[in-house]
Amino acid sequence: MDRARVVVIGGGITGCSVALHLVKAGLTDVLVLEKGELTSGSTSHPVGLVTMFNPSPTMMRFRRYSIELYRELGAFEAVGSMRLASSREQFAELQRGVSRAKGIGLDVDLISAEEARERMPMASPESLYGAVYVPGDGFLDPHTATHAVARAAVAQGATIRTGVRVTGIELSPNRAISRVLTDVGPIEAEVVVNAAGIWAPRIAEMVGAFVPSTPVDHQHVALKPVPGAELPRDMPCFRDPDNLVYGKAEHGGVLFGGYEPDPAARWVDGVPWEHSARSLPPDYARFERLMRGAIRRFPFMEGAEVVKLVCHPDAMTPDANPLLGPVPGIRGFWMAAGLSLNGFGGAGGIGRSIAEWMIEGDTELDMTPYRAWRFGRNHRDPAYAAECAREAYKYYYLLRYPFDHDEWGRPRRVSALHSRLQDLGCVFGVKNGWERSDYFEPGKPSRMAGADQRKFGWSKPPWFERVDAEHRAFRERVGIIDMSSFGKIEVSGPGALPLLEHVADNRIDRPVGRVVYTQFLNRRGGIVADVTVTRLVKDRFRVVTGAGYVDGDLGWLRSSVREGDEPVDLRDVTEDLSVIGLWGPRARDVLETVSSDDVSN
């Protein structure tokens, strides 16, 4: 075949799922290209546990559908699962998660420690506070499940070619997909879906796109059965986030893995093409903490003999969310990668949503946290992106509180007022790499906040009164806030006004100097962004948005430029401008002392 309407790059579970759902939706001219054999990337290594439970409602829906798909294909064994709470804090977090899960109709229950041990007698009662029980969860064999999805795709009209490596992608003069180049010849195409797993950044580079995804080592071990403590095959799968481990029964023994607090990243600047399904040298020293955690929950494991410790890299993004959807500015280029340990759990639902998105122009589910364009210049440094990915991996199971901040890779971005804030005893939080003041501790050295909430749990924070005093100062007198981290996008050129009028719900065509508060909407009227737009001159506007949303909003604007539109230039100018906010009843009094301008009404 030297032509296909859609070329899916990558023969793992995600690529096969995308192909299946595209052909089910009617796009029969779909070709999957895999440089090795099917499942020869990260898909070949997982333990195979699949649970519906997740902090994200969208991911829970992905996972519920994935399990339905695998069961329909006869590739899933439903034995149920339990997510154990080994601390009071974890139990409180599970309560919140169960509420979210029930809100979207998942069959989940919060059970007591006694009920958990009834289902899993081998678990120690020590530090066991309860569990989330999901009866529909279970496990699969990665190889069997992927081939089942692939066979279903082929049966409905897709074509799969293995042993074919993509070497380049050609674009037309208007930056649309034209041809996919391979080591066996070119293939004409209209659409490319990048489902290349840990190689996805290298594929994206072929069209001049950027996506941050770092391979992070993940390890799991197989243990032989312990006489007198053999585990039944139908024992529920287990997850114990406090002890950082998950696992299942395997031939009377245990197969388990986990999330190390100091994971190793590799191939930060790109994964070698020749890497395939082979595992990497394991690190027993790094795995030791996980082994201790597993033994705390299941004491019989201390006498178990190790069959094999497996180490393999998985693609992790800086926020541990997948990279999905069309890439702005490159017509026909789509992402379905950076799964961040959501491979088999997410793949079924992701394949369905990509097909829906491609054909209908939108999806039923909220894809905002997963949009492939949400990262920008801040994450173009591969070393920084790798640090973010490693920390996201660290907290994949480890309990993270709402007031905690990332700690690795800091300081990354500082404002012009940073040193002055340090002098005032600032405690800095972080947003999109920016050091920002959380609160102040006068008389103390400045510092960067991190996992601070672990010290006071869910109770009132010790700095509550300090923030209250700052609030009163602004409300009753006057105060200054450094707002330089706010995202700033410059929109200029003949097409600037038409573009903004197209995406915004408010009227943008106002006099020069006017500031308009508005939202950007999608085609269904859903809110995509919450912004202000200032008209600087006739054909130049400044869009101001949140520090963490600027890259996503810039991508949305780029994706909204239609073929035939007048020229428009879109630039992130966040770091070009400092912003100082002055508020309070005495704000004008302060301005009058430092300016000769009229600051009255």
Side-chain angles (χ1 to χ4, degrees), residues 12-14 16-17 38-39 42-54 59-60 62-84 101 106-108 116 119-123 131-150 218-225 230-241 243-259 277 279 290 294 297-298 301 304 307-310 312 314 339-350 396-397:
I13 184 60
T14 306
C16 291
S17 175
L38 295 184
T39 77
S42 299
T43 294
S44 64
H45 292 294
V47 170
L49 275 62
V50 183
T51 179
M52 304 179 211
F53 196 74
N54 189 268
M59 184 55 71
M60 280 196 271
F62 281 166
R63 292 181 172 196
R64 177 172 60 186
Y65 174 76
S66 295
I67 288 176
E68 291 172 0
L69 174 66
Y70 304 143
R71 293 187 73 162
E72 178 185 324
L73 296 174
F76 188 75
E77 191 154 348
V79 295
S81 77
M82 288 200 297
R83 184 176 295 258
L84 307 169
L106 259 61
D107 182 12
V108 301
R119 290 181 169 86
M120 201 171 290
M122 292 300 182
V132 172
Y133 177 60
V134 188
D137 284 354
F139 61 87
L140 48 72
D141 174 73
H143 181 85
T144 301
T146 304
H147 279 266
V149 174
H218 189 66
Q219 300 192 108
H220 66 263
V221 69
L223 302 179
K224 287 185 178 180
E230 294 88 351
L231 300 181
R233 179 179 174 82
D234 61 354
M235 184 189 84
C237 304
F238 66 87
R239 293 168 180 83
D240 189 338
N243 284 309
L244 307 180
V245 295
Y246 63 84
K248 69 183 182 76
E250 180 91 343
H251 305 304
V254 182
L255 186 63
F256 83 89
Y259 300 92
S279 58
L290 302 186
R297 182 49 58 216
F298 299 97
M301 287 191 191
V307 178
K308 186 178 183 181
L309 177 63
V310 175
H312 58 94
D314 271 316
L339 272 289
S340 300
L341 302 162
N342 288 293
F344 280 93
I350 286 170
Y396 201 81
Y397 265 9

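Under the side-chain contact (heavy atoms from CB on, under 4.5 Å) rule, Tyr70 has a single partner from Phe76, Phe139, Tyr65, which is Phe76.
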For side-chain contact (heavy atoms from CB on, under 4.5 Å), just list the numbers for Met82 and Arg239, CA-CA rounded to whole Å, side-chain angles, deciding distance to a tenth of an Å, and then say yes or no. CA-CA 6 Å; Met82 288 200 297; Arg239 293 168 180 83; over 6 Å; no
Could you go through the side-chain contact (heavy atoms from CB on, under 4.5 Å) check for Val254 and Leu231 one step at a time? CA-CA 8 Å; Val254 182; Leu231 300 181; 3.3 Å; yes
Would Val221 and Val310 count as a side-chain contact (heavy atoms from CB on, under 4.5 Å) here? Give the steps. CA-CA 6 Å; Val221 69; Val310 175; over 6 Å; no
Please lay out, stage by stage, how His312 and His220 fare under the test ring-ring contact (aromatic ring centres under 6.0 Å, His included). CA-CA 9 Å; His312 58 94; His220 66 263; 5.8 Å; yes
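Of the inter-residue distances, the one linking Arg297 atom CZ with Leu84 atom CG reads 6.0 Å to the nearest 0.5 angstrom. To the nearest 0.5 Å, atoms CD (Gln219) and CZ (Phe256) are separated by 10.5 Å. For the atom pair CD1 of Ile13 and OG1 of Thr39, the computed distance is 9.5 Å after rounding to the nearest 0.5 Å. We find the OG-CD1 distance between Ser17 and Ile350 to be 8.0 Å, quoted to the nearest 0.5 Å. One distance of note links CG of Leu38 with OG1 of Thr146; it measures 8.0 Å at 0.5 Å rounding. Rounded to the nearest 0.5 Å, atoms CE (Met122) and CE (Met301) are 10.5 Å apart.
Closest approach of Pro46 to Phe344, counting heavy atoms only: CG-CE1, 4.0 Å. Of all non-hydrogen atoms in Ser81 and Thr51, the two that sit nearest each other are OG-OG1, 4.0 Å.
Aromatic pair Tyr259/His218: ring centres closer than 6.0 Å.
Annotation: cation-pi geometry satisfied between Arg119 and Tyr133 (NZ/CZ under 6.0 angstrom from ring centroid, within 45° of ring axis).
With respect to Arg233 and Glu250, no salt bridge is recorded, no charged nitrogen being found less than 4.0 Å from a carboxylate O.
Counting heavy atoms from C-beta outward, Phe238 and Arg83 have side chains that stay 4.5 Å or more apart. At a threshold of 4.5 Å between non-hydrogen side-chain atoms, the residues Asn243 and Leu290 do not count as touching. Between Tyr396 and Leu341 the shortest side-chain heavy-atom distance falls below 4.5 Å.
Heavy-atom contacts from other residues, nucleotides or ligands closer than 6.0 Å to CZ of Arg71 number 12 or fewer.
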